[in-house]
Amino acid sequence: MIDINLIRDNPELVRENIKKKFQDKKLPLVDEIIRLDAKKRELQLEGDRRRAQRNTLAKSIGTLMREGKREEAEEAKTASKENNDRIAVIEAECDETEKALKAAMMSIPNIIADDVPIGRDDSENVQGKVFLEANEKPFDVPYHLDILESLGGIDVDAARRTSGNGFYYLTGDIARLHSAVLTYARDFMIDKGFTYCIPPYMIRSDVVSGVMSFEEMEGMMYKIEGEDLYLIGTSEHSMIGRFMGTVLNESSLPQTLTSYSPCFRKEKGAHGIEERGIYRIHQFEKQEMIVICKPEDSDFWYEKMWSYTVELFVSMEIPVRQLICCSGDLADLKYKSCDIEAWSPRQKKYFEVGSCSNLTDAQARRLGIRYKNAATGKNEFAHTLNNTVVAPPRMLIAFIENHLQADGSVYIPEVLRKYMGGKDKILPKK
RNA sequence: GCAGAGAUGGCGGAGUGGUCGAACGCGCACGACUCGAAAUCGUGUUACGGGCAACUGUACGGGGGUUCGAAUCCCUCUCUCUGCGCCA
């Protein structure tokens, strides 16, 4: 949600921004908001005036009663009643206007950064920097499920029986590798100065509706039957929710946190072959990072955050690139976003393994995350950012494809060996 | 699950129908002291909205009610805490 003052002061900027995102159907909303806002203020003005009158009348009645002027008091009471009836009407109308205004405001996209490339959809995203050379293997790289099976690392058949499609059992060294990657990523972020946090894996509906839109919620979130609880789709939900409705001390910013959690997603809709296997599943684990900072610092942290993910992947010798999200592909809450994509030697293209976003104050405004600006003494909205450190199942695809050797073994890079009992490779099952 | 208690500012915590936007404490800001800091002392400090401004409205967990007037009385919902039960 953007600041209403921006629409009051500079509606043209807001319209331009909507056009940049190819959401022209939302253009009429701007005028609608200006109209509703004016109406709301008008109603509020009259409401305020009448409420002020109610207060004066009530006070005078108190005085009159004390002085024993009963008749005058009765007259004032009648006047007050009439006034109150009118207040009720105005308040009802004001509520309605406010609701409509808020609904319209919710659909207005956040102002995007100047350097966001303009494009309609994900096909127009722009490649940023590339890290490590995207090598081609001298042999055919099989589908990741086949590699995992050859290593004795996965059982999807049993998972289908116990839980249905979109689940897996990881076993043996592959399961260990999965945990190793998480543990390594955790330590990596701690070394960068982030505070490690394990959050709740279930959150209440008010937190859910604060961190995402209703549509997103329908498509993603699992609800616990008979309780006001949802399984988190990412630890960002509970990590950001932690600060809902709070006013932080400026000295406590930036909050730089890294969190581990399992993530649960409905993943409604059909997905192609490249999104099967362990690419898109109902339950996975993820190491996440979030930053809550002062507005002037969010650009700095954005650059820092995505480059940490790159550094992590590079340290595991996996080629990656930054893919800059274009205007049309940017979710409405986002100011700027990029994906980190890993190289797939099988597909001979990059695929998403993480996503970094700067939401500026849009999410904070919705959730009421503020900080006390020491210079002005005012409470101001903080900026929120989030980024994937690593989501092991998805990164395992990149890992085994890139580190697969001609003999069918999988090479383990140096940084992970201490988490793998010193092993430098995973051997295929005989 | 059952029983009791509670929900007030950034935090803790007073406040039982008008003089309460709210004592007191902590925190925070500024100042004094100091080479500097800590400690100490002094001053200030609820938030959000409307209005060019003077000014004004709203908010004491949510919703509803009583009343001319509600933090305060009534109903209802939610949540939290303590004890008991159950249990990694």
Side-chain angles (χ1 to χ4, degrees), chain A residues 1-9 33-102 104-105 198 200-210 223-230 238 241-255 262 292 294 361 364-382:
Chain A
M1 188 153 63
I2 65 166
D3 190 346
I4 181 102
N5 284 309
L6 197 59
I7 297 183
R8 281 181 201 157
D9 300 342
I33 285 169
I34 291 170
R35 190 185 65 80
L36 287 168
D37 180 48
K39 186 179 172 195
K40 194 206 90 180
R41 283 194 280 178
E42 205 173 289
L43 286 166
Q44 189 177 344
L45 208 63
E46 191 185 349
D48 280 2
R49 223 185 48 238
R50 286 189 179 270
R51 275 185 291 262
Q53 199 181 353
R54 177 177 68 189
N55 291 342
T56 359
L57 279 171
K59 258 184 203 140
S60 73
I61 291 166
T63 318
L64 289 169
M65 293 292 261
R66 241 173 283 136
E67 291 172 351
K69 296 176 179 165
R70 285 203 65 96
E71 268 179 44
E72 281 177 59
E74 286 306 320
E75 263 173 51
K77 275 192 193 183
T78 318
S80 183
K81 257 184 187 151
E82 271 172 33
N83 192 45
N84 285 352
D85 289 345
R86 182 67 193 147
I87 289 175
V89 174
I90 292 164
E91 278 182 352
E93 203 176 338
C94 195
D95 273 5
E96 205 177 303
T97 312
E98 220 162 34
K99 241 180 231 162
L101 181 62
K102 193 175 176 197
M105 282 298 289
I198 299 174
Y201 304 152
M202 296 183 211
I203 49 174
R204 294 217 176 101
S205 54
D206 59 335
V207 183
V208 176
S209 51
K223 187 173 187 337
I224 304 296
E225 199 181 352
E227 315 242 356
D228 181 30
L229 284 174
Y230 290 80
S238 38
R242 182 179 171 201
F243 298 95
M244 194 164 104
T246 60
V247 180
L248 296 152
N249 237 326
E250 188 178 324
S251 58
S252 70
L253 296 180
Q255 291 275 335
I292 297 177
K294 293 191 272 179
D361 63 357
R365 180 170 285 108
R366 260 170 94 143
L367 287 164
I369 301 174
R370 295 174 297 169
Y371 74 101
K372 188 165 284 289
N373 184 321
T376 63
K378 292 277 169 212
N379 292 337
E380 289 169 17
F381 289 109

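Fair warning: this is a prediction, and the values are worked out from it, not measured in the lab. Just so it is clear: chains get the letters A, B, ... in the order the sequence lines come, proteins before strands, and each one is counted from 1.
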Point to revise | For RNA chain B, the dot-bracket pattern of Watson-Crick and G-U pairs whose distances stay under 3.5 Å, | for other-strand partners | key: ((((((((.[[[..)..(.....]]]((((((.......))))))(((((....))))).[[[[[..)....]]]]])))))))....
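Remark: A:K378 is not in phosphate contact with B:A47, judged by side-chain N or O atoms under 4.0 Å from OP1 or OP2.
Nucleotides B:U40 and B:C33, compared at atom C1', are 9 Å apart to the nearest Å. To the nearest whole angstrom, the two P atoms, one in B:C75 and one in B:G6, are 15 Å apart. When the P atom is used for both B:G18 and B:C86, the distance is 49 Å, rounded to whole Å. B:C60 and B:G9: their C1' atoms are spaced 9 Å apart (whole Å).
There is a side-chain donor-acceptor pair under 3.5 Å between A:N83 and A:R50.
Distance CG (A:N379) to C1' (B:G27): 14 Å, rounded to an integer number of Å. Whole-Å rounding puts the A:K372 NZ to B:C26 P distance at 18 Å. With rounding to whole Å, A:D3 atom CG is found 13 Å from B:G49 atom C1'. The separation between A:L36 atom CG and B:G49 atom P is 19 Å, rounded to whole Å.
A:E74 CD: more than 12 foreign heavy atoms inside a 6.0 Å radius.
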Exercise for review: Let me have a per-nucleotide readout for nucleotides 55-70 of chain B, 5' to 3', with B, S or -, counting only protein heavy atoms under 4.0 Å.
Suggested key: -SSS---------BS-
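The residue A:R50 sits apart from the nucleic acid: no heavy atom pair falls under 4.0 Å. Residue A:R365 is out of contact with every strand shown, counting any heavy-atom pair closer than 4.0 Å.
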Review point. Can A:R370 and A:E380 be said to form a salt bridge (Lys or Arg N to Asp or Glu O under 4.0 Å), step by step?
Key: CA-CA 5 Å; A:R370 295 174 297 169; A:E380 289 169 17; over 6 Å; no
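With B:A47, B:G50, B:A29 as the choices, the nucleotide that has an atom nearest any side-chain atom of A:A374 turns out to be B:A29.
Distance alone, capped at 3.5 Å, places no donor-acceptor pair between the A:K372 side chain and the A:T376 backbone.
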